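Below: one structure, written as structure tokens.
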Amino acid sequence: METGTISIDELAGGFDLYRTLESGQSYLWQRSDGEMYGGTPAPDAWYTTVVGGSTGTRDVIRVRTHDGCLEWESTTDAEPIVRRLLRLGDDLEAIVAAGPDDPLLREAYEAHRGMRLVADPSFGCLISFICSAQMRVGRIHTMVTTLAREYGDEVAFDGETYHAFPTPEQLATATEADLRDLGLGYRAPYVVRTAEMVANGEADPDAARDLEYEDAREYLTQFVGVGDKVADCVLLFSLGFDEAVPLDTWIKSAVEEYYPDCDRGSYAATSRALRDRLGGEYAGYAQTYVFHHLRTGE
DNA sequence: ATAAGGCCTAAGAG
DNA sequence: ACTCTTAGGCCTT
């Protein structure tokens with residue numbers, strides 16, 4: 001086992017592990033008490049995920065906050081991976097300071113200080129948000145966990161068995177009926193067909209990285225089960241498009257109540273107006289704070 | 001380009 | 001205990 005620590009003091013704007021991993025951005029981690037998305041964890045709870053290596057290898061990584069540090073334990077030298085997945089290099093202080101000075105956003109930033117965006121692996125993120133349609137966060141996490149258990153590689157670490165999120169090829173072996181039996185409902189055929197599209201090379205979510213923002217969103221909507229909202233989530237939580245502003249039910253209610261002049265009728269026009277209102281370049285950061293603030297009511 | 005109807009299902013509200 | 005509504009929408013007319 002390899003281990004290490006990262007001082008949270010050295011991270012501009014701080015870091016809140018719980019709020020980062022349980023704010024509806026990522027469904028690819030497991031909390032040590034097994035109660036992910038089900039209440040406040042113990043302060044030093046571990047979060048575990050499995051990442052894929054370049055040669056088909058799998059590495060287990062777990063992290064927790066303890067004594068003012070972010071501790072990690074892993075099958076590999078995980079510090080660069082942890083820094084990338086949890087975006088520890090972001091100057092959160094500067095991002096918050098650069099945001100517009102409106103009451104809702106200030107309140108959200110204040111209430112959830114230290115929450116960062118995540119940078120999930122693209123395929124797992126894509127499937128997670130296809131599953132998210134009309135679904136509570138707890139059940140999205142259950143679905144993604146079930147897919148990993150049923151179709152992903154097993155990895156042993158520290159006496160426990162973990163599951164990687166399945167590869168496109170692995171998930172493409174599932175049938176619609178299989179996934180309906182696992183509780184995915186009408187999302188089942190979407191997941192199968194999208195996995196097939198990625199597995200057979202018809203499209204690749206990572207290819208969106210090379211496009212301009214709105215072209216990238218359009219590109220992702222070719223996947224089955226992916227509309228504008230899900231595409232924006234993948235762009236924001238995986239592909240590094242910090243300007244993406246997913247318009248979900250919570251953000252739509254925020255538009256109605258706090259930014260009524262940003263309602264332009266269509267998704268694209270409203271999203272664009274809200275993006276400008278929330279500061280442009282890092283509008284997605286602001287969106288994520290507002291979303292979490294309204295959803296949790298905290 | 002925009003609008004209505006159907007869709008799985010578990011958990012919470014009434 | 002039951003029914004009704006809701007939950008981070010998408011696909012097809």
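This is a predicted model, so every value here is computed, not measured. Here is how names work: the chains are called A, B, and so on, in the same order as the sequence lines, proteins then strands, and each is numbered from 1.
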key: Length of the line joining A:Asp178:CG and B:dC8:C1', which is rounded to integer Å   = 16 Å

message = Can you tell me whether the side chain of A:Tyr186 and the base of C:dG9 have a donor-acceptor pair closer than 3.5 Å?
response = yes

task = Would you indicate what A:Val137 reaches in the nucleic acid, counting non-hydrogen atoms under 4.0 angstrom: base, sugar-phosphate, or nothing?
result = base

key: Intermediate values then yes/no, ring-ring contact (aromatic ring centres under 6.0 Å, His included), A:Tyr47 and A:Tyr18   = CA-CA 9 Å; A:Tyr47 289 87; A:Tyr18 163 62; 7.6 Å; no

inquiry  = Using a 4.0 Å heavy-atom cut-off, does A:Tyr27 contact any base of the nucleic acid, only the sugar-phosphate backbone, or nothing at all?
reply    = base

query = Considering only side-chain heavy atoms of A:Gln134, which listed nucleotide, B:dT2, B:dA10, B:dC8, is closest?
reply = B:dC8

inquiry  = I need the CG-P distance between A:Asp232 and C:dC10, as an integer number of Å.
reply    = 10 Å

Salt bridge flag under 4.0 Å for residues A:Asp101 and A:Arg106 = yes

query = Using 30° and 60° as the class limits, which term best fits the ring planes of A:Trp250 and A:Phe291: parallel, tilted or perpendicular?
reply = perpendicular

request  = Taking only heavy atoms on the protein side, list every residue of residues 193-201 of chain A lying under 4.0 Å from any atom of DNA chain C, sorted numerically.
outcome  = none

key: Distance-only donor-acceptor test, A:Arg187 side-chain atoms vs B:dC7 base atoms, 3.5 Å   = no

remark   = Of the candidates B:dC7, C:dT6, C:dC10, the side chain of A:Arg136 sits closest to C:dT6

ask   = Taking NZ from A:Lys229 and P from C:dC10, how many angstroms apart are they, rounded to a whole number?
value = 7 Å

ask   = Can a salt bridge be assigned to the pair A:Arg113 and A:Glu110 using a cut-off of 4.0 Å between side-chain N and carboxylate O?
value = yes

ask   = Is there a Watson-Crick or G-U wobble partner for B:dA10 with both distances under 3.5 Å, and if so, which one is it?
value = C:dT6

query = Base, sugar-phosphate alone, or nothing: which one does A:Gln25 contact when heavy atoms must sit under 4.0 Å apart?
reply = base

message = I need the CG-C1' distance between A:Leu179 and B:dT9, as an integer number of Å.
response = 15 Å

inquiry  = Distance check needed: C:dA7 P versus A:Met143 CE, whole Å only.
reply    = 15 Å

message = For A:Tyr27 and A:Phe129, take the angle between the two ring planes, folded into 0 to 90°, and tell me which bin it lands in: parallel under 30, tilted 30 to 60, perpendicular over 60.
response = perpendicular

task = Give A:Ser128 one of three labels, base, sugar-phosphate or nothing, depending on what nucleic acid heavy atoms sit under 4.0 Å from its own.
result = nothing

key: Lys/Arg N to Asp/Glu carboxylate O, A:Arg275 vs A:Glu214, below 4.0 Å   = yes

query = C:dG9, B:dT9, B:dT2: which one has an atom nearest the side-chain heavy atoms of A:Arg139?
reply = B:dT9

key: Salt bridge present between A:Arg64 and A:Asp44 (N-O < 4.0 angstrom)   = yes

task = Look at A:Arg180 and B:dC8 and indicate whether a side-chain polar atom (N or O) is within less than 4.0 Å of OP1 or OP2.
result = yes

ask   = Taking atom P of C:dC11 as reference, at what distance in whole Å does atom CD of A:Gln222 sit?
value = 12 Å

note = Judged by nearest nucleotide, the residue sitting upstream toward the 5' end of DNA chain C, A:Tyr190 or A:Phe237, is A:Phe237

query = How far does the P atom of C:dT13 sit from the matching atom of B:dC8, given to the nearest Å?
reply = 15 Å

query = Rounded to whole angstrom units, what separation is found between the CD1 atom of A:Ile130 and the P atom of C:dC10?
reply = 10 Å

query = In whole angstroms, how far is the P atom of B:dA11 from the NE2 atom of A:His141?
reply = 15 Å

query = Is a salt bridge present between A:Glu35 and A:Arg31, judged by a nitrogen-to-oxygen distance below 4.0 Å?
reply = no

